[in-house]
Amino acid sequence: MSQKIWMNLPVKDVVKSTTFFNEIGFHGENVGNERAQLVIGSTTILLFPDATFEKFTGAKTADTPDP
């Protein structure tokens, strides 16, 4: 039986993060400034801006420096 994996991730910049995930093999299905859905095989990653992620989780995201 095949299992699907879904991950919701907060990001500072959806477009920049989408570019990164595209470069490592994911392909975008719903990509915009407010969210992105990227898929590879049975794994789906949903990218959300920090503020949007905080709204639906009710928790603050970690403050991490940009590389």
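All residue numbers refer to positions in the sequence shown, counting from 1. Excluded from the calculations below are hydrogen atoms, water molecules and symmetry mates; all remaining heavy atoms, backbone and side chain alike, are included.
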Show your reasoning for whether side chain to side chain contact (heavy atoms under 4.5 Å, CB included) applies to Leu46 and Trp6.
-> CA-CA 8 Å; Leu46 301 169; Trp6 288 73; 3.9 Å; yes

Give the intermediate values and the outcome of side chain to side chain contact (heavy atoms under 4.5 Å, CB included) for residues Lys12 and Asp63.
-> CA-CA 10 Å; Lys12 293 186 185 331; Asp63 184 18; 4.1 Å; yes

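Legend: side-chain hydrogen bond (donor to acceptor under 3.5 Å, both in side chains) pairs involving residues 41-55, not counting sequence neighbours, sorted by first then second residue: Glu54-Thr61.
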Side-chain donor-acceptor pairs of residues 20-27 under 3.5 Å, sequence neighbours excluded:
from  : atom 1 : to    : atom 2 : distance (Å)
Asn22 : ND2    : Thr18 : O      : 3.3
His27 : ND1    : Val39 : O      : 2.9

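Cluster annotation: Met7 and Val14 are assigned to the same hydrophobic cluster (Ile/Leu/Val/Met/Phe/Trp/Tyr, side-chain heavy-atom contacts under 4.5 Å, transitive). Ile45 is connected to Val11 through a chain of hydrophobic side-chain contacts under 4.5 Å among Ile, Leu, Val, Met, Phe, Trp and Tyr, so both are in one cluster.
Glu34 is linked by a side-chain hydrogen bond (donor to acceptor under 3.5 Å, both in side chains) to nothing, counting only residues two or more places apart in sequence or in another chain.
Within the hydrophobic cluster formed by Ile, Leu, Val, Met, Phe, Trp and Tyr side chains joined at under 4.5 Å, directly or through other members, Val15 stands alone, with no partner residue.
Atom-to-atom distance recorded for Arg35:CZ and Asn8:CG is 12.0 Å, nearest 0.5 angstrom.
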